[in-house]
Amino acid sequence: MYHALLANRYLTSRVIPMVAVGAVALCVALVIIVVSVMTGFLDMVRSSGRTLMGDVIVAYPVNGIPHYERLIARIEALPEAKAATPVVDGWGLLRMPYPVGRRKDTKSVQFWAIEPAGFARVTGYDDTLYWRPPTDEVSETDFRRELPSEVLEPVLEDGRTLRDNRSGKPGIVLGVHVSIANERQSDGTIRPIRRQRGDSWWMPGYQVTLTAQPTAGGTMLTQPKSVIFPVVNEFFSGVYLIDESRVMIPLDVGQEMLHLDEGQIIDDQQLDDLGMPKVIGIDPARATMVLVRAVDGVDATALRRQVETAYVAFQQELIDEGALVPPPSYISGGVSIKTWAEQQAKFIQPIEKERELMRTLFSLVYLVCAGLVLAIFWAIVYEKTRDIGILRSIGASRLGISWIFLRYGLVIGVGGAVFGLGLAYLIVRNINTIHGAMGDPPTELIYITGGLALTSLLITIVRSLGGRLLPMVLGVLVTVTFALAFVGVVMLKRAGGVVIWDPSVYYFSRIPNEVDRQAAVITMIGAVLFSLIGAFLPAAQAADVDPVKALRYE
Amino acid sequence: MSEIRVAQRPALAATDTEPATHSLLSAVELYKTYQLGRIDVPVLKGATLHVKQGEWVAVLGASGSGKSTLLHLFGDLDQPDSTTRKSEDGIPISKRKRSMRRGVCPKCNYPIGASAVCTDCGYCFGEVFFEGTPLSSMSRRQRDQYRNKSVGFVFQFYHLLPELTVLENTVLPGLVGLSRWRYYRQIGQLRARARSVLESFGLGPRLKHRPRELSGGERQRVAMARALMNQPKVLLADEPTGNLDEMTGEEILDLIAEQHRDGLTIVMVTHDPAIARRADRLVQLHDGRIQDLPDAHG
Ligand SMILES: Nc1ncnc2c1ncn2[C@@H]1O[C@H](COP(=O)(O)OP(=O)(O)OP(=O)(O)O)[C@@H](O)[C@H]1O
Ligand SMILES: [Mg+2]
């Protein structure tokens with residue numbers, strides 16, 4: 001039991017072990033932070049798939065799938081599927097209401113024509129609608145607090161139905177970054193910039209014009225179609241690429257714009273009673289995509305297999321019925337049925353690889369732990385040789401002596417791991433705030449760092465009056481550190497802050513802030529283990545100390 | 001080059017080693033050679049000393065004569081050549097140890113019990129005996145216990161642990177070898193014992209102090225308290241007054257004398273004949289061997 005006493009005393013009676021605990025903590029925190037952010041990033045990519053597109057996507061671009069309602073009915077009958085919904089997607093030009101004057105901005109956008117109710121059942125559409133009465137969690141500075149709920153409530157309802165419910169006209173919902181008038185605040189909220197005349201460029205309240213070039217049919221040259229929409233709401237999915245380029249319109253309007261709506265099939269060679277070309281059948285409306293949501297707990301891949309079977313049966317059924325316009329064949333017709341992850345594989349896989357690389361690279365940190373503990377203990381064993389001799393002379397065994405140092409290593413490892421976890425937790429949880437502060441350093445920080453620098457300068461001057469060198473050197477070091485921090489903050493402020501997590505690069509507008517538990521546990525165990533390994537050598541060295549040599553001289 | 005003679009010495013009378021079985025602590029024919037680079041430096045060359053129960057023996061000798069070396073062998077801090085160096089009789093150390101444990105002569109297998117000398121062929125071990133048992137026949141654990149319980153060391157330079165308080169330094173031998181479970185049951189008892197020893201040495205008000213806050217005499221008294229903590233049978237003192245002025249030295253000697261009166265066996269090393277005179281018996285280490293000196297009181 002003397003081990004505990006001595007390990008304890010050696011630990012608390014000097015600064016180096018504290019430095020070691022700090023260093024191990026920093027290493028552990030570093031690994032946990034990096035892996036957590038990357039894991040969170042991957043999770044966000046995965047869950048955003050569900051939010052945006054559901055679990056499985058049946059796609060037949062450009063021409064679209066006819067009789068899609070029957071496909072949807074079939075899919076919804078599957079026990080694995082919760083809901084399915086049609087989408088028509090295409091590209092178009094959006095004429096924005098700004099700037100003031102005759103020449104308006106235009107922007108190229110991807111439009112999705114949807115049935116909002118069904119779409120919301122498959123995706124997280126409803127939750128992404130941004131303009132809604134604020135909840136209690138919404139911050140005081142949020143722009144939504146400046147709008148009366150008499151305004152926001154109908155806006156939310158309009159967004160849900162994709163309709164301007166006062167005029168009854170079909171509405172459009174823009175991605176929140178489609179309009180450049182929407183500015184992201186450092187707290188992550190959106191605030192439209194002010195117009196010169198006072199009110200702001202808040203999109204719900206303006207009209208935009210969407211122009212699309214129908215491409216279906218192929219042979220016929222068609223006129224571009226333009227539709228004026230009232231903006232009824234905006235959505236904020238958190239995926240920057242989507243928020244910046246996608247708009248939602250009602251399904252029927254989209255089908256019409258792309259000529260994918262129901263039409264008549266006419267035969268030029270035959271004339272009807274009125275002398276017009278004869279109608280020989282109906283060309284059904286089409287959807288370029290059918291999105292499917294899995295029942296909770298069902299794996300997307302399993303669902304995809306069922307959807308494939310359902311599609312094949314659906315197609316066969318229509319051929320058997322002798323439909324004039326049968327759906328394309330799954331095997332040879334260019335229809336794709338994929339899970340969201342498969343659709344995004346090119347995007348997800350490199351991130352996964354990168355995370356593994358990071359994990360491996362940062363595992364080198366363990367070696368740092370081991371090396372640190374080794375070096376420090378080596379020094380301590382050297383310094384404590386005489387103590388070891390004394391302990392041997394009063395009957396301590398060699399094993400007992402080495403146990404002091406192993407125990408000591410254990411304490412440093414465990415202490416470092418725990419502090420590291422705490423540090424990592426604090427940083428990861430507040431990473432968006434920290435990042436925001438870097439982008440827009442608060443003015444108080446200038447006063448704080450400046451004040452600290454001045455205070456430590458004064459203390460240094462007073463302390464160095466005593467003529468001792470160590471306090472002076474220490475004081476100067478601390479003062480310089482604070483002064484550098486001060487200068488850094490001032491420069492940051494003048495440069496307008498730095499933005500490391502640029503949403504247009506990193507896809508998401510928020511940095512993930514969940515601690516990866518598995519990574520945390522593994523990292524902590526690693527730190528403890530390697531601290532112990534680092535302690536082994538000095539411990540063995542301590543056990544080998546020759547008591548006579550250790551005791552011979554003062 | 002000196003030769004290492006642990007080999008047979010027919011001239012040695014059996015009576016020379018016989019007392020090893022009757023004495024509390026014995027050194028029989030100890031050889032100890034240090035190696036300085038390639039050169040052998042023989043320090044002990046067949047030192048024999050028997051210490052009886054309750055005796056206070058002072059070992060005198062010039063500086064460098066090997067007094068500390070002898071004491072370290074007594075205290076099992078170091079081992080004699082017989083157990084560490086290959087001897088010229090060609091018998092491997094492992095065989096010697098094995099034979100010793102079995103109580104037979106390693107050369108002729110004649111049963112010799114715990115004796116250091118074979119009465120048949122005259123083969124002689126260089127060995128330290130405690131209560132008739134050769135130290136080299138003990139296991140590691142037994143030897144750790146021997147150092148912990150049977151002997152207590154006092155050094156010239158006190159050798160206290162600087163990070164521990166006076167009380168903790170004193171309790172330390174009690175803690176060594178104590179399991180966690182026994183620790184919780186016995187720590188109170190151990191502290192009380194340490195405190196009472198320290199108080200009897202006049203250190204009552206100093207229990208929470210660190211060694212660096214004490215005077216030399218006080219430090220040596222703490223070292224004494226530590227040595228006596230586990231109530232050893234023998235106190236091994238290596239120039240216990242060597243670093244103290246005369247007055248303080250006398251105080252330490254008074255403490256030792258008091259312990260001696262209570263029955264403690266003491267081996268004290270010194271080069272000062274004045275100090276040595278307080279012992280029952282004086283011996284001198286000269287040329288690596290022990291010589292008797294005229295009795296201090298006679
Ligand atoms: N590890 C060692 N290596 C080489 N020589 C050593 C070693 N230890 C001791 N010696 C030598 O052995 C001799 C005896 O040393 P020892 O300390 O036993 O003498 P001592 O009688 O105690 O002397 P003092 O009165 O000065 O304490 C000395 O000459 C010393 O130099
Ligand atoms: Mg000496």
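Here is how names work: the chains are called A, B, and so on, in the same order as the sequence lines, proteins then strands, and each is numbered from 1.
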In Å and rounded to the nearest 0.5 Å, what is the [atom1] to [atom2] distance from [X] to [Y]?
X        : Y        : atom1 : atom2 : answer
A:Arg429 : A:Asn513 : CZ    : CG    : 5.0 Å
A:Leu474 : A:Thr479 : CG    : OG1   : 10.0 Å
A:Ile401 : A:Tyr2   : CD1   : OH    : 5.0 Å

Checklist entry - Among residues 162-169 of chain B, which residues come closer than 4.5 Å to chain A, judged by heavy atom distances? => result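 Within residues 162-169 of chain B, near chain A: B:Pro162, B:Glu163, B:Leu164, B:Thr165, B:Glu168.
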Next on the checklist: Which atoms of B:Arg226 are under 4.5 Å from chain A, going by heavy atoms: the side chain, the backbone, both sets, or neither?
Outcome noted: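 The answer is the side chain of B:Arg226.
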Item to check | Interchain contact, B:Arg140 with chain A, by part (heavy-atom threshold 4.5 Å) | outcome: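 When you check distances to chain A, only side chain atoms of B:Arg140 fall under 4.5 Å.
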Checklist entry - chain B: which of A:Asp546, A:Ile390, A:Leu6, A:Leu5 shares the most heavy-atom pairs with it under 4.5 Å? => result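 With the most close heavy-atom pairs to chain B, the winner is A:Ile390.
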Next on the checklist: I'd like to know which of A:Gly400, A:Gly389, A:Ala396, A:Ser393 tops the heavy-atom pair count under 4.5 Å against chain B.
Outcome noted: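 Looking at each option in turn, the highest pair count goes to A:Ser393.
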Using atom types as modelled and distance alone, determine if a side-chain donor or acceptor of [X] lies under 3.5 Å from a backbone N or O of [Y].
X        : Y        : value
A:Ser36  : A:Asp516 : yes
B:Arg147 : A:Arg392 : yes
B:Lys67  : B:Val269 : no

Next on the checklist: Tell me whether the rings of A:Tyr408 and A:Phe405 are parallel (<30°), tilted (30 to 60°) or perpendicular (>60°).
Outcome noted: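 Geometry flag for A:Phe405 against A:Tyr408: tilted rings.
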Checklist entry - Does OH belonging to B:Tyr146 count more than 12 external heavy atoms closer than 6.0 Å? => result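 Correct, the count exceeds 12.
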Item to check | Residue, of B:Asp144, B:Asp76, B:Leu236, that accumulates the most heavy atom pairs under 4.5 Å with chain A | outcome: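 Ranked by contacts with chain A, first place is B:Asp144.
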Checklist entry - When heavy-atom pairs shorter than 4.5 Å are enumerated against chain A, which of B:Thr69, B:Leu160, B:Val171 gives the highest number? => result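 Sorted descending by pairs with chain A, the first entry is B:Leu160.
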Checklist entry - Which atoms of A:Leu399 come close to chain B, meaning under 4.5 Å heavy atom to heavy atom: side chain ones, backbone ones, both, or neither? => result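 Nothing of A:Leu399, per the 4.5 Å heavy-atom cut-off to chain B.
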Checklist entry - Do B:Thr33 and B:Asp40 meet the criterion of a side-chain donor-acceptor pair at a distance under 3.5 Å? => result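 Absent: no donor and acceptor within the cut-off.
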